[in-house]
Amino acid sequence: MNKDNLFFGNDILLRYVIFNLLKNSFYYKDKTNFKIIISVYSKNNETIISVKDYGKGISSTSIKNIFTEYYTSGKRTILA
């Protein structure tokens, strides 16, 4: 981006959201042809952050919960 943008919000929470998107993308990645595309651009005086991955996707039964706090689906706990 070629200009300064103001962010009115909690920068730590924004970082957490981006980290969580990337973590989920890598967790559910398909081993072949996997990629993540992150775009930042301005439109109508707003800054848009777009994250797209080419993983397996979200099931139709889980998609309704994507904004439910602390919701998770189908992950196995990995113990060290």
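Model, not experiment: these values are computed from the prediction.
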Peer 1: Among pairs that include at least one residue of residues 7-21, which meet salt bridge (charged side-chain N to carboxylate O under 4.0 Å, His left out), considering only residues two or more places apart or in two chains?
Peer 2: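 Checked against salt bridge (charged side-chain N to carboxylate O under 4.0 Å, His left out) - neighbours excluded - the pairs reaching residues 7-21 are Asp11-Arg15.
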Peer 1: Donor-acceptor check, side chain of Asn65 to backbone of Thr68, threshold 3.5 angstrom: yes or no?
Peer 2: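 No, the answer is negative, given that no donor and acceptor are paired below the 3.5 Å cut-off.
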Peer 1: For Leu21, enumerate each residue passing the side-chain contact (heavy atoms from CB on, under 4.5 Å) test, keeping only those at least two apart in sequence or located in another chain.
Peer 2: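 Result, side-chain contact (heavy atoms from CB on, under 4.5 Å) vs Leu21: Val17, Val51.
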Peer 1: Can you sort out the partners of Tyr16 under ring pair (Phe, Tyr, Trp, His ring centres under 6.0 Å), two or more places apart, ordered by chain and number?
Peer 2: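 By the ring pair (Phe, Tyr, Trp, His ring centres under 6.0 Å) rule, Tyr16 matches no residue at all.
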Peer 1: Check Tyr41 against Ser50 and note the closest heavy-atom contact, atom names and distance.
Peer 2: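 Smallest heavy-atom distance, with atoms named: CE2-CB, 4.5 Å.
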Peer 1: CG of Leu13: more than 12 outside heavy atoms within 6.0 angstrom?
Peer 2: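 Enclosed.
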Peer 1: Can you name the side-chain contact (heavy atoms from CB on, under 4.5 Å) partners of Lys64, sequence neighbours left out?
Peer 2: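 With neighbours one apart ignored, the set is empty.
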Peer 1: Asn44: which residues meet the side-chain contact (heavy atoms from CB on, under 4.5 Å) condition with it, sequence neighbours left out?
Peer 2: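 Here no residue qualifies.
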Peer 1: If the condition is side-chain contact (heavy atoms from CB on, under 4.5 Å), which residues does Ile63 pass it with, not counting sequence neighbours?
Peer 2: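 Listed in chain order: Ile58, Ile66.
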